Student: 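Here's a structure for you.
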Amino acid sequence: MAAALGTGAGGCRVYRWTAQRRGGGEVIVIVGGGVTGLSTAFWLAREGHPVTVVEKGIVGWEASGRNGGGCTHPYSPLFREEQRLWPMMDELLGHPTEWRPHRLKVALDEGQLDRLWKSTKLATDQGFEAAPLDRAELRDLVPWVGDNAVGGIHWKYGGHANPQRTSQAYAWAVERLGGRILQHTAVRGIRSQGGRAVAVETSAGEIGCDAVVIAAGPHTAALAAPLGHRVPMAPARVEMIVTEPLPSIVHGGVDGNGLYGRQTLRGNLAYGGGPHEWIDLDGEATPRPVNSPVVASLARRLNELFPRLGHVRVIRSWGGIVENTPDGRPILDRLEDPGNVVVASMSSVGFGLSPATGRALAQLVLQGHCDFADLSQLKLSRFGNLPLDWRSRQGWEAMPA
């Protein structure tokens, strides 16, 4: 990248960035330095295309680097690619993600067990393997499970990884491949001309481009609106807790009782899982991370899931912002106008799907379609008749201060 320095109105300095093309590739700007944006940048850079990732804070700083680490989404059209890619990501990225295979699901009552089997069927219908577990078998695999568990399921697919390590791995791989990452750089807007985006306006100046990917989490809607597109999403505060280290178990990815999470390689338990606190965003600012009564709910439900760990201390917690679409499914779409803009919103499931999502978004940028998964159900147009007051109808509005 090279920068040209000039003087704008009022004597303000104006930086106009231009990307150095390699092999005639298109210059692509990616708005958002979470795992979705970083993975997209990785796959594009891997194909030799000049990419610039613009992030208002630090890459992977929000939910991308602080989540349950689950890599198992059988309801997604990207599931098979997710499962194919994760075992390869350490080698592809050149840095450790701490990916580990398999997931264990724990049910505390028959209703939970029935819902787990319905979710499992989505994967087994695609040829993946799962096995039932009685209480004794569960206890052999997860000694913290108590007598309140009625059974469980061993998913012999899926897995989990370290969100912070993975975010770093994506970023380092992008830079190693020649991509540019601008941190602490806010995007003010996208300038279009003749039905195409021609530049991204940032707090550091204007970046010329041939294509744009908007993967800015809860800020995606505000960036797409001036382009004439309504991207419906409801920002919410989510929280996670981390315990002191414990002896390692065979399969560290254990879910249940409305919780998702994993055991880290060091032995800590990192868990989260609803309910959401619905909020509103004020411009480009991210609300201050604060703890809420959700933390107490997480601790209570984790104690119910693992009653033999009632003595274990919680050593830290995290509160951050995610976005949720009206139907809970991601939005992955290339707009018709401007025709070189791709919009991505993962609706709170971005981390695990990121290897497959990034590859799919790269294909949407380069060829207008994804050739390994049917993304038609994830198009923005499915919300064409959505009422303007959809958030209030679903009870997803922020509470008065």
Side-chain angles (χ1 to χ4, degrees), residues 66-76 79 100-124 128-163 238-264 267-276 293-314 317-318 322 328 348-349 351-352:
R66 296 171 174 83
N67 57 75
C71 308
T72 318
H73 299 87
Y75 50 81
S76 171
F79 175 57
R100 295 294 183 271
H102 295 226
R103 298 292 286 182
L104 301 176
K105 313 296 283 189
V106 180
L108 303 186
D109 58 49
E110 294 298 333
Q112 289 184 8
L113 188 60
D114 180 64
R115 290 189 292 274
L116 288 178
W117 276 112
K118 288 179 179 177
S119 176
T120 302
K121 190 174 185 298
L122 295 174
T124 56
F128 293 90
E129 185 180 355
L133 299 171
D134 60 26
R135 186 184 294 122
E137 292 169 322
L138 265 178
R139 184 75 57 76
D140 286 341
L141 293 169
V142 190
W144 315 316
V145 170
D147 294 337
N148 57 335
V150 301
I153 307 172
H154 181 182
W155 285 0
K156 299 182 180 180
Y157 53 89
H160 58 94
N162 183 324
V238 294
E239 301 188 52
M240 292 195 65
I241 58 176
V242 179
T243 73
E244 61 186 321
L246 298 165
S248 296
I249 59 176
V250 176
H251 301 299
V254 186
D255 300 325
N257 203 27
L259 298 171
Y260 53 80
R262 78 189 208 286
Q263 184 179 36
T264 70
N268 312 79
L269 301 184
Y271 275 84
H276 291 321
V294 171
V295 168
S297 170
L298 292 174
R300 173 184 57 79
R301 284 181 286 144
L302 189 60
N303 185 51
E304 292 170 352
L305 183 63
F306 302 138
R308 296 169 183 264
L309 297 182
H311 63 287
V312 173
R313 292 173 296 180
V314 173
S317 64
W318 168 80
V322 298
S348 305
V349 295
F351 176 76

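Since this is a predicted model, take the numbers as computed values, not measurements.
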Student: Assess the residue pair V254 and Y271 against the criterion (side chain to side chain contact (heavy atoms under 4.5 Å, CB included)); give the C-alpha distance rounded to whole Å, side-chain angles, the decisive distance to 0.1 Å, and a yes or no.
Tutor: CA-CA 10 Å; V254 186; Y271 275 84; 3.7 Å; yes
Student: Measure the shortest side-chain to side-chain distance between W117 and P132 over non-hydrogen atoms and say whether it is less than 4.5 angstrom.
Tutor: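 Result yes, sub-4.5 Å side-chain heavy-atom pair found.
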Student: Looking at P74 and S119, what are the two nearest heavy atoms and their distance?
Tutor: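 Scanning both residues, the minimum pair turns out to be CG-O, 4.1 Å.
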Student: With salt bridge (Lys or Arg N to Asp or Glu O under 4.0 Å) as the rule and sequence neighbours excluded, what pairs involving residues 134-144 come up?
Tutor: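 Those involving residues 134-144 are R139-D147.
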Student: Minimum heavy-atom separation for I153 and A130, please, with both atom names.
Tutor: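 Distance-wise, the nearest heavy atoms are CG2-CB, 4.0 Å.
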Student: Mind checking what makes ring-ring contact (aromatic ring centres under 6.0 Å, His included) contact with H154, not counting sequence neighbours?
Tutor: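 Applying ring-ring contact (aromatic ring centres under 6.0 Å, His included) to H154 gives H102, H251.
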Student: Okay, side chain of N67, backbone of G69: is any donor-acceptor separation there less than 3.5 Å?
Tutor: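 Yes: the side chain of N67 pairs with the backbone of G69.
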Student: Sequence neighbours left out, what passes side-chain hydrogen bond (donor to acceptor under 3.5 Å, both in side chains) with Q263? Give chain and number order.
Tutor: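 In terms of side-chain hydrogen bond (donor to acceptor under 3.5 Å, both in side chains), with neighbours along the sequence ignored, Q263 is linked to no residue.
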Student: Mind checking what makes side-chain hydrogen bond (donor to acceptor under 3.5 Å, both in side chains) contact with T243, not counting sequence neighbours?
Tutor: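 Testing T243 for side-chain hydrogen bond (donor to acceptor under 3.5 Å, both in side chains), a comparison that skips the adjacent residues, returns none.
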Student: Donor-acceptor check, side chain of R308 to backbone of V145, threshold 3.5 angstrom: yes or no?
Tutor: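 Checked: pair present.
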Student: For R262, check salt bridge (Lys or Arg N to Asp or Glu O under 4.0 Å) against everything at least two apart and list the hits.
Tutor: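 Counting only residues at least two positions away or on another chain, R262 forms no salt bridge (Lys or Arg N to Asp or Glu O under 4.0 Å).
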Student: Residues in side-chain hydrogen bond (donor to acceptor under 3.5 Å, both in side chains) with T264, at least two apart?
Tutor: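 If we apply the side-chain hydrogen bond (donor to acceptor under 3.5 Å, both in side chains) test to T264, skipping adjacent residues, the hits are N268.
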Student: Restricting to ring-ring contact (aromatic ring centres under 6.0 Å, His included), what partner residues turn up for Y157, sequence neighbours left out?
Tutor: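 Scan of Y157 (ring-ring contact (aromatic ring centres under 6.0 Å, His included), adjacent residues dropped) gives F128, W155.
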Student: For the residue pair V238 and S348, establish whether any side-chain heavy-atom pair is separated by less than 4.5 Å.
Tutor: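 They are not in side-chain contact.
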Student: Is the backbone N or O of V106 less than 3.5 Å from a side-chain atom of D255, with the two atoms forming a donor-acceptor pair by type?
Tutor: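 No: the side chain of D255 does not pair with the backbone of V106.
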Student: Could you check whether any side-chain heavy atom of V150 comes within less than 4.5 Å of a side-chain heavy atom of L108, counting everything from C-beta outward?
Tutor: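 A side-chain contact under 4.5 Å is absent here.
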Student: Output all residues satisfying salt bridge (Lys or Arg N to Asp or Glu O under 4.0 Å) with E110, sequence neighbours left out; order by chain, then residue number.
Tutor: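 Counting only residues at least two positions away or on another chain, E110 forms no salt bridge (Lys or Arg N to Asp or Glu O under 4.0 Å).
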Student: Looking at residues at least two apart in the chain, or sitting in another chain, which of them share a side-chain contact (heavy atoms from CB on, under 4.5 Å) with N303?
Tutor: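 side-chain contact (heavy atoms from CB on, under 4.5 Å) check on N303 returns nothing, list empty.
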Student: For K156, what residues pass the side-chain hydrogen bond (donor to acceptor under 3.5 Å, both in side chains) criterion, not counting sequence neighbours?
Tutor: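 Scan of K156 (side-chain hydrogen bond (donor to acceptor under 3.5 Å, both in side chains), adjacent residues dropped) gives none.
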Student: Could you list the residues that satisfy side-chain contact (heavy atoms from CB on, under 4.5 Å) with S297, not counting sequence neighbours?
Tutor: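 Testing S297 for side-chain contact (heavy atoms from CB on, under 4.5 Å), a comparison that skips the adjacent residues, returns P275, R300, R301.
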